[in-house]
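One structure below.
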Amino acid sequence: MVMPQIKDPIGHLEMRAPPNAVVARGVSKTYGDVEALKNLSLEFPKGQLTSLLGPSGCGKTTLLKIIGGLLEPTAGEIEVNGTPVKGPGPDRAFVFQDFALLPWANVLRNVAFGLELRGAAKSEREAIAEKYIAEVGLSGFEKAFPHELSGGMRQRVGLARALSVDADVLLMDEPFSAVDEQTRRKFQEDLLRLVQNENKTFIFVTHSIEEAVYVSDQIAILLPRPSRVLEIIRPAIERNKNVDNIRRDPEYLDIVDKIWAALRSYVE
Amino acid sequence: MTLFGYRLPGMSSLILWGLLWEIVGRSGMTFFIPPLSEVFLTLFEVIGTPPFLKALSETSYAFAAGVFFALVIGIPVGILMGKNRLVDELLLPWVNIFLSAPLTALVPVLMVLFGFGMRSIIITTTLFAIWIIILNARAGVMQINRSLVEMARSFGATPMVAFYKIYFWAALPEILGGVRIGVIRAVKGVIIGQLLISIVGFGALFELYANNFLMAHFWAVLVVLFALAFTVSEFLAYLERRVSYYAAKR
């Protein structure tokens, strides 16, 4: 097996690497004869955002669901904070591509639903939900139903739900792909702030190269058939300077070009 | 519909049909159809009499019990069939057969198995209602958004919790649709049961009036029965509309 190389374009070699929140070791997943993942190993440093990037069919969502405990790997194992994953657990929370909101429940109950399933008392969980509704900028919409909200607002509800259970690891499955371009940019900026402020580990699935480079501390480029890690890139972009300047940073542009050069032959 | 600039309330056409009935009745074409006015006079005469009230309570009891069993068995079985492939393969052929079978022909068998009393009537009512309730609950569950189920699992829902917090609510619009049709079929079932198994309730009244050529009485009871069935069905349709806001957005 070829170990994925770790590339550090600027070279913060003197910085000590943070401990890993999630480790995937030799994970394989087959559906009948189809190999979705083959012997994949990957490390996700604590407190950072790691993107899984790749063309469709490269198994990135499958890997995310295995980490989430929603799918069982055919071989290999996942460790979260040193404990092997045997199913869904309170240390991980999911944000879904299609939001997965209860259409019959209002925003407050939707945000509190994760806590409701974990058995929190009504007053307690609603107080927590209120806090995160305000945090994602939806104050005043507590009594609204999902069908009354725009796509972007619905995903904010999904995000607030994932945040309110206070899990160490946030698993995001193409969370911004179903919202329009402007909302998406706003989301990316908010996500950067979230990674800085919350002491959480983010695993972020996307098929957008620009998005991955913009938001990630670490990008794992996956290739399809058979699925494998092509490369791990750690963009050294000064993020806390100004979010507006990131897209003009030469480092940002170089990495986008480089990833596209690596991926273009795999896109049919 | 509007007529000469006036908006007509719903079902105004019934007035027209009522008039036609009155005319046919007054012309004395057939003893089978007395004038509608006479039917309504008889109706007010009959309502409140002990035999009528007894028939009403017997029929309501059998109907309510029959529908109750159809609901508490039908909805969970339907949801289970929608969730579980194996259960579905096992039960679906039978549900489809019974849905389209002439159930009236089964009533004599039920009499042999369960006797001539209320029990057989309730079972007949349940048998008429349950199949469509099962099929609709199943269809409702099968179209559930998979990610809702994954969401519940990822936040730690046990299968039992997912059953009543996700599956039931997500399938509710279809379930209510099935319940409405099932209840209408249950009306059919309870009357057929009362006519064939033991002559009680409204079945007994129909039998009595028809045999004695009391056509006005016969029609009066029929009008009451239609009105009751219609009311129940409209009430369920109202509940269905209450949940339809999310039916298209799951």
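All values below come from the heavy atoms of this structure, side chains included, with hydrogens, waters and symmetry mates left out. What you see is a predicted model; the values in this text were computed from it and never measured. Letters A, B, ... mirror the listed sequences (proteins, then strands); counts begin at 1.
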Report, as yes or no, whether the 6.0 Å neighbourhood of atom [atom1] on [X] holds more than 12 heavy atoms from other residues, nucleotides or ligands.
X: B:Phe163; atom1: CZ; result: yes
X: A:Arg118; atom1: CZ; result: yes
X: A:Lys38; atom1: NZ; result: no
X: A:Glu148; atom1: CD; result: yes
X: B:Arg119; atom1: CZ; result: no
X: A:Asn199; atom1: CG; result: no

When rounded to the nearest 0.5 angstrom, what distance separates CG in A:Leu117 from CZ in B:Arg153?
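Reported to 0.5 Å precision, the distance equals 13.0 Å.
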Nearest 0.5 Å, what's the CG-CZ distance between A:Leu70 and B:Arg146?
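Spacing of CG (A:Leu70) from CZ (B:Arg146) equals 10.5 Å.
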So, for [X] and [Y], which heavy atoms are closest and what is the spacing to 0.1 Å?
X: B:Lys165; Y: A:Trp104; answer: O-CZ2, 3.4 Å
X: B:Leu148; Y: A:Leu101; answer: CD2-O, 3.4 Å
X: A:Ala162; Y: B:Phe155; answer: CA-CZ, 4.2 Å

Atom group of A:Phe94 that falls short of 4.5 Å from chain B, counting heavy atoms:
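The answer is both parts of A:Phe94.
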Portion of A:Phe145 that has a non-hydrogen atom of chain B nearer than 4.5 angstrom
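Side chain of A:Phe145 only, per the 4.5 Å heavy-atom cut-off to chain B.
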Between B:Ser147 and A:Phe99, is the side-chain contact (heavy atoms from CB on, under 4.5 Å) condition met? List the steps.
CA-CA 8 Å; B:Ser147 71; A:Phe99 323 134; over 6 Å; no
Given the options A:Gln97, A:Glu116, A:Arg92, which has more heavy-atom pairs under 4.5 Å with chain B than any of the others?
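Max contact count across the listed options: A:Glu116.
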Heavy-atom check, side chain of A:Pro103 versus side chain of B:Trp169, under 4.5 Å
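When only atoms from C-beta onward are counted, B:Trp169 and A:Pro103 do not touch, as no gap falls below 4.5 Å.
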